[in-house]
Amino acid sequence: MSNVHELSFLKEKIQELKDQGVYRKLPVLDTPNQPEVILNGKKVINLSSNNYLGFSNHPRLKKAAMDAIERYGAGAGAVRTIIGNMKIHEDLEALLAKFKREEAAFIYQSGFNCNAGTIQAITEAGDLIISDELNHASIIDGTRLSKAGRAIYKHSDMDSLEEVLKTNRDKYKNILIITDGVFSMDGDIAKLPEIVELAEKYEAMTYVDDAHGSGVLGESGRGTVDHFGLHGRVDFSIGTLSKAIGVVGGYVAGSQTMYDWLNHRARPVLFSTSLPPAAVGAIIEAITMLMESTEYTDRLWDNAKYFKEKLGKLGFNTGHSETPITPVIIGDEGKTMEFSKKLMENGVFVSGIVFPTVPKGTGRVRCMVTAAHTKEQLDEAVRVFELVGKEMGIL
Ligand SMILES: *Cc1c(COP(=O)(O)O)cnc(C)c1O
């Protein structure tokens, strides 16, 4: 028998990945995450980040991060419940509550952590969690950590959701409906007004994960709830501080009661050190910038519209996105990866996304246009898309 410490059971699994052709090395970025980057030693136009507003390398955020380090140091030094709750953390929560137009906001170390911690804390045995089938992995994990029952409805299918509500309403105490605000693979927006109506009809709570809606949708990026004018009708409004906001972290906005409970029972807050001051300082600056002006979100939408129109005119299938997420659907998995590789060779980085992340036969490269891209960079990317598209017989 082989020695268990050689991890041969993992070596076998890694070999399986190699046999399936899905073993990979991570691309290495050697610049800030910005429109033009050095990736694996090559200068390319970056169409793959979630840095929607160009904040991750913004001078104002960098300055705020350095100021916060000067004042509070490099690390928080403890979990919030002991002595890691700095004034800057509470300042951020107050600002987020104001920005989101909610009573309170509770911060976590990441968006992932926020789902893992919140869902578990607000549900218990005897409750039911109803989830859209395409919800994010961190929602699935958060749900698994809960003792509540689980049910799934078909993606954005309100008949399917109502069916689940109808058959289960009387069997459970509290029901929590969870949806992504924006679905990241197709860029479609959740049917939140209908979801909220069903929730009210069946006395269920609603939980929206707005990771791709924060900083993108609504007035100056206030999110999906603001986009649909549903303030006060969604119980838990989750945002990430890692995507459009450009730094790291997550939060849930809602009532003061929610805040008080999470403050006592959210496990990532009880058992994991709070966000570093530099991150918090930079986030405060980012939210302040969004509250000052809509210029960043305006530019994002303008660039996204410009890029989508150009690709569409060339004859690419850009799907049914309602947000700056721009999928270019190629179909066949091998062809999709080949397309992505050829774009890279020609100086444009867009990662290919294939089964099992998306359904078989719907392989796509997913373009993420940002507010920071210049029209010249977008024109150059379109030129390369046309070149490679023609070369591969896609156009
Ligand atoms: C990215 C994402 C997260 C995780 O957010 P992080 O801040 O990167 O941890 C959670 N939910 C959804 C829907 C996401 O897209």
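Each ligand, and each atom within it, is numbered from 1 in the order the structure gives.
Thr297 is not listed as a side-chain neighbour of Val216, based on a closest heavy-atom distance of 4.5 Å or more. Between Arg233 and Glu197, the closest side-chain pair of non-hydrogen atoms falls below 4.5 Å. Looking only at side-chain heavy atoms (C-beta outward), Val79 and Ile82 come within less than 4.5 Å of each other. The side-chain heavy atoms of Glu36 and Thr31, taken from C-beta on, include no pair separated by under 4.5 Å.
Every atom of ligand 1 with a heavy atom of Ser138 under 4.0 Å away is listed here by number and element: 10 (C), 11 (N). Under a 4.0 Å criterion applied to the non-hydrogen atoms of Lys243, ligand 1 contributes the atoms 1 (C), 2 (C), 3 (C), 14 (C), 15 (O). Shown in contact with His212 at under 4.0 Å from a heavy atom are these atoms of ligand 1, numbered in order with element: 15 (O). Using a 4.0 Å cut-off to heavy atoms of Phe112, the atoms of ligand 1 that qualify are 4 (C), 5 (O), 6 (P), 9 (O). Under a 4.0 Å criterion applied to the non-hydrogen atoms of Thr240, ligand 1 contributes the atoms 5 (O), 6 (P), 7 (O).
Heavy-atom proximity to atom 8 (O) of ligand 1, evaluated over Gly249, Ser242, Ala211, is greatest for Ser242.
The residues Glu194 and Lys201 are annotated as not salt-bridged, no charged nitrogen and carboxylate oxygen being separated by less than 4.0 angstrom. A salt bridge between Glu124 and Lys147 is absent, with no side-chain N of the basic residue lying under 4.0 Å from a carboxylate O of the acidic one.
Of all protein heavy atoms, the one lying nearest to atom 11 (N) of ligand 1 is Asp209 OD2, 2.6 Å. Among protein heavy atoms, atom 6 (P) of ligand 1 sits closest to Gly111 N, 3.4 Å.
Taking distance alone, with nitrogen or oxygen atoms compared against 3.5 Å, Leu241 stays at or beyond that limit from ligand 1. Not one N or O of Ser184 is nearer than 3.5 Å to an N or O of ligand 1, by distance alone. For ligand 1, the polar-atom distance check finds no N/O of Asp180 at less than 3.5 Å from any of the ligand's N/O atoms.
Seen from the ring of Phe106, Arg80 counts as a face-on cation partner, given the 6.0 Å and 45° thresholds.
For Arg383 (side chain) and Leu378 (main-chain N/O), no donor-acceptor pair under 3.5 Å exists by modelled atom type.
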